[in-house]
2 protein chains.
Amino acid sequence: MDLETVKSKLHAMNFRLTQEREWVLRVFMESGEMFTAMQLYDRVKEQYNKVGLTTVYRLFEVLTKLRLVTPFLIDGEIYYTFCSGGHHHHFVCLDCHRVKNIYGCEMDTRDFSEIGKIEYHRMDLFGHCENCQGSVPSC
Amino acid sequence: MDLETVKSKLHAMNFRLTQEREWVLRVFMESGEMFTAMQLYDRVKEQYNKVGLTTVYRLFEVLTKLRLVTPFLIDGEIYYTFCSGGHHHHFVCLDCHRVKNIYGCEMDTRDFSEIGKIEYHRMDLFGHCENCQGSVPSC
DNA sequence: GCCTTATAGAAAAACATTTTCTATAAGCGT
DNA sequence: ACGCTTATAGAAAATGTTTTTCTATAAGGC
């Protein structure tokens, strides 16, 4: 998904497309990484201008509502990753925290009606990516 | 899994089996619910004695390390659920936060060697349990 | 029983997140 | 292009959660 699509989704929900949100979105979407609020804040400051940390928190909140980001709890810290397009799952590298999407979901074909009414599900794999399989993370 | 088994697992890792841990463990394991640290703290206080909130936090930390609890991030809050026995996944009721285990995992048969070395995975379903499918949560 | 050392718990500190408040600017209608 | 309405930015304060610190206690080995 590109920036323009996200913009129009925000627009459709009556959210405004401020300059600051665009900066944060750019960095977030182009990186392919997951960030804590503080990490994204720092990265945006490096690449564009300083924005308020509050702005980053608020964007995460909005995007989570729109289901464009997925939060991950890793070692007690909340990381957010950009998520869009079709249904997919995640591989998260425990070393470098990069995320790869995994397509193909067997769960969709299973019947869970006895358990409850399913709203959504998630499936996350954790491990070490190709670049991080040496003793020291390399990415 | 019963309390004695958990005790021996703690023991095997050089953790001590204090009276306070036993109280907290009892409430936690017998409830079948997920708790935030504060919620479990309150519940233990009701059913047994007052224990330190710090003690609850420390027990969650230990049990997470031993993979006997799984943390869930729901609406920005961290809930812990007791988890043991064979490999399973979770259904979490978004209304009452009760957890049901789901056995049978297709992921085990898939090959993810191209993606990375998998350490573990988790799969969580979210929805509304049978008791909570009316307009108001009933449990 | 004695000794070593992990643990309990209160209090303080650290940290993350949310709220508040005012100035600003986005996006609409004209 | 202009003006109007209202969402938003960002600093600062408040809030709430989690961790750390410190000392007394008790668990478990000998």
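Chain naming here is simple, since letters A, B, ... match the order of the sequence lines and numbering starts at 1 in each.
Residues forming a side chain to side chain donor-acceptor pair (under 3.5 Å) with A:Thr64 (at least two apart in sequence, or on another chain): none. Here A:Ser113 pairs with A:Asp111 under the side chain to side chain donor-acceptor pair (under 3.5 Å) rule; sequence neighbours left out. With sequence neighbours left out, B:Lys100 forms a salt bridge (charged side-chain N to carboxylate O under 4.0 Å, His left out) with B:Glu130. Applying the side chain to side chain donor-acceptor pair (under 3.5 Å) test to B:Asn49 and every residue at least two apart in sequence or in another chain returns nothing.
Contacts classified as salt bridge (Lys or Arg N to Asp or Glu O under 4.0 Å) and involving residues 49-73 of chain A (residues at least two apart or in different chains) are given here: A:Glu61-A:Lys65. The stretch residues 68-83 of chain A participates, sequence neighbours left out, in these side-chain hydrogen bond (donor to acceptor under 3.5 Å, both in side chains) pairs: A:Tyr79-A:His97.
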Pairs under 3.5 Å (N/O, protein and nucleotides 22-24 of chain C):
none

Hey, what are the protein-to-nucleotides 7-9 of chain C N/O distances that come in under 3.5 Å?
{"unit_1": "C:dT7", "atom_1": "OP1", "unit_2": "B:Arg16", "atom_2": "N", "d": "3.1"}
{"unit_1": "C:dT7", "atom_1": "OP1", "unit_2": "B:Arg21", "atom_2": "NH1", "d": "2.9"}
{"unit_1": "C:dA8", "atom_1": "OP1", "unit_2": "B:Thr18", "atom_2": "OG1", "d": "2.9"}
{"unit_1": "C:dA8", "atom_1": "O3'", "unit_2": "B:Glu20", "atom_2": "OE2", "d": "3.3"}
{"unit_1": "C:dA8", "atom_1": "N7", "unit_2": "B:Arg58", "atom_2": "NH2", "d": "3.3"}
{"unit_1": "C:dG9", "atom_1": "OP2", "unit_2": "B:Gly52", "atom_2": "N", "d": "2.9"}
{"unit_1": "C:dG9", "atom_1": "OP2", "unit_2": "B:Thr55", "atom_2": "OG1", "d": "2.9"}
{"unit_1": "C:dG9", "atom_1": "N7", "unit_2": "B:Arg58", "atom_2": "NH2", "d": "2.5"}
{"unit_1": "C:dG9", "atom_1": "O6", "unit_2": "B:Arg58", "atom_2": "NH2", "d": "3.4"}

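Checking the phosphate oxygens (OP1, OP2) of C:dC28, a side-chain nitrogen or oxygen of A:His11 falls inside 4.0 Å.
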Taking distance alone, no hydrogens or angles, what donor-acceptor pairs closer than 3.5 Å link side-chain atoms of residues 11-21 of chain A to residues at least two apart or in another chain?
{"unit_1": "A:Thr18", "atom_1": "OG1", "unit_2": "A:Arg21", "atom_2": "N", "d": "3.1"}
{"unit_1": "A:Gln19", "atom_1": "OE1", "unit_2": "A:Trp23", "atom_2": "NE1", "d": "2.9"}
{"unit_1": "A:Arg21", "atom_1": "NH1", "unit_2": "A:Arg16", "atom_2": "O", "d": "3.0"}

Atom pairs and distances, side-chain donor-acceptor, residues 26-48 of chain B, under 3.5 Å, sequence neighbours left out:
{"unit_1": "B:Arg26", "atom_1": "NH1", "unit_2": "B:Glu22", "atom_2": "OE2", "d": "2.8"}
{"unit_1": "B:Ser31", "atom_1": "OG", "unit_2": "B:Phe28", "atom_2": "O", "d": "3.0"}
{"unit_1": "B:Ser31", "atom_1": "OG", "unit_2": "B:Glu33", "atom_2": "N", "d": "3.0"}
{"unit_1": "B:Glu33", "atom_1": "OE1", "unit_2": "B:Arg43", "atom_2": "NH2", "d": "3.3"}
{"unit_1": "B:Thr36", "atom_1": "OG1", "unit_2": "B:Gln39", "atom_2": "N", "d": "3.1"}
{"unit_1": "B:Gln39", "atom_1": "OE1", "unit_2": "B:Thr36", "atom_2": "N", "d": "3.0"}

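Distance, B:Leu59 CG to D:dT19 P: 13 Å, rounded to whole Å. Atom P of nucleotide C:dT17 and atom CD of A:Glu61 are separated by 12 Å, given to the nearest angstrom. The separation between B:Lys7 atom NZ and D:dA27 atom C1' is 12 Å, rounded to whole Å. Summarising the geometry, the separation between OH on A:Tyr41 and C1' on C:dA16 is reported as 14 Å, rounded to the nearest angstrom. If you take CD of B:Gln19 and P of D:dA26, they are 11 Å apart, rounded to a whole angstrom. Nucleotide C:dT17 holds its C1' atom 16 Å from the CD atom of A:Gln39, rounded to whole Å. Atom OH in B:Tyr57 sits roughly 13 Å away from atom P in D:dG16 (whole-Å rounding).
Comparing the helix axis at one end of the helix from C:dG1-D:dC30 to C:dT30-D:dA1 with that at the other, each defined from 5 consecutive pairs, gives an inter-axis angle of 60° (nearest 10°).
Across residues 68-81 of chain A, not one residue has a non-hydrogen atom less than 4.0 Å from an atom of DNA chain D.
Ring pair B:Tyr120/A:Phe126 is parallel by interplanar angle, where below 30° counts as parallel and above 60° as perpendicular.
Closest approach of A:Cys93 to A:Cys129, counting heavy atoms only: SG-N, 3.4 Å. B:His90 and B:Cys83 make their closest contact through NE2-SG, 3.1 Å (heavy atoms, listed as atom of the first residue, atom of the second, distance).
A:Gln133 places a side-chain N or O within 3.5 Å of a backbone atom of A:His128 that can act as its donor or acceptor partner.
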